[in-house]
Q: 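Take a look at the following structure, please.
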Amino acid sequence: MTKQQLQAQIAELKMDYIRLQGDMEKLESNGQPTQVENAERRLAKMEEDLAELNKQLAEL
């Protein structure tokens, strides 16, 4: 993967992360704990993916 492709993937993942955080806040305020837990798992996975992409970018 090229540097530009990695940067594009990182930017897209960051936007998705921010969107999911907003969605999670709405779920919390509506009292939907199961969906909040699912969102927290997805956020954790996104954090792992971001770390891996940043590692790959640093190696270039």
Side-chain angles (χ1 to χ4, degrees):
M1 212 178 295
T2 69
K3 184 175 181 177
Q4 288 177 330
Q5 289 172 322
L6 284 171
Q7 289 172 329
Q9 277 192 329
I10 290 169
E12 183 177 337
L13 196 52
K14 284 181 179 180
M15 287 187 295
D16 290 343
Y17 188 92
I18 292 168
R19 179 193 50 78
L20 184 56
Q21 281 181 321
D23 292 348
M24 197 168 85
E25 289 176 12
K26 291 175 189 173
L27 292 171
E28 286 175 336
S29 67
N30 290 328
Q32 299 180 10
T34 304
Q35 291 182 356
V36 170
E37 289 175 18
N38 291 338
E40 287 173 342
R41 281 199 262 342
R42 290 197 325 248
L43 284 175
K45 173 69 172 121
M46 286 179 171
E47 289 170 1
E48 292 171 9
D49 293 345
L50 274 171
E52 179 60 31
L53 290 171
N54 281 317
K55 180 181 172 186
Q56 291 176 19
L57 185 60
E59 291 174 354
L60 289 180

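What you see is a predicted model; the values in this text were computed from it and never measured.
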Q: With sequence neighbours left out, what residues match Glu52 under side-chain contact (heavy atoms from CB on, under 4.5 Å)?
A: Lys55, Gln56

Q: What pair of heavy atoms forms the shortest contact from Tyr17 to Glu47, and how long is it?
A: OH-OE2, 2.5 Å

Q: Can you tell me how far the CE atom of Met1 sits from the CG atom of Leu53, to the nearest 0.5 Å?
A: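 Result: 7.0 Å between the selected atoms.
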
Q: Tabulate below the donor-acceptor pairs under 3.5 Å that side-chain atoms of residues 30-41 make, not counting sequence neighbours, or state none.
A:
unit_1, atom_1, unit_2, atom_2, d
Asn30, ND2, Lys26, O, 3.2
Asn38, OD1, Arg41, NH2, 3.2
Arg41, NH1, Glu37, O, 3.1

Q: For Arg19, give me all partners under salt bridge (Lys or Arg N to Asp or Glu O under 4.0 Å), at least two apart in sequence or on another chain.
A: Asp23

Q: Would you list the atom pairs, donor with acceptor, under 3.5 Å between side chains in residues 3-11 and any protein atom, with sequence neighbours excluded?
A:
unit_1, atom_1, unit_2, atom_2, d
Gln5, OE1, Thr2, N, 2.8
Gln5, OE1, Thr2, OG1, 3.4

Q: How about Glu12: does its CD atom have over 12 heavy atoms from other parts shown lying under 6.0 Å from it?
A: no

Q: By side-chain contact (heavy atoms from CB on, under 4.5 Å), which residues pair with Glu25, not counting sequence neighbours?
A: none

Q: To the nearest 0.5 Å, tell me how far Leu50 CG sits from Lys45 NZ.
A: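 Nearest 0.5 Å value for the CG-NZ distance: 10.5 Å.
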
Q: Quick one: salt bridge (Lys or Arg N to Asp or Glu O under 4.0 Å) partners of Asp16, sequence neighbours excluded?
A: none

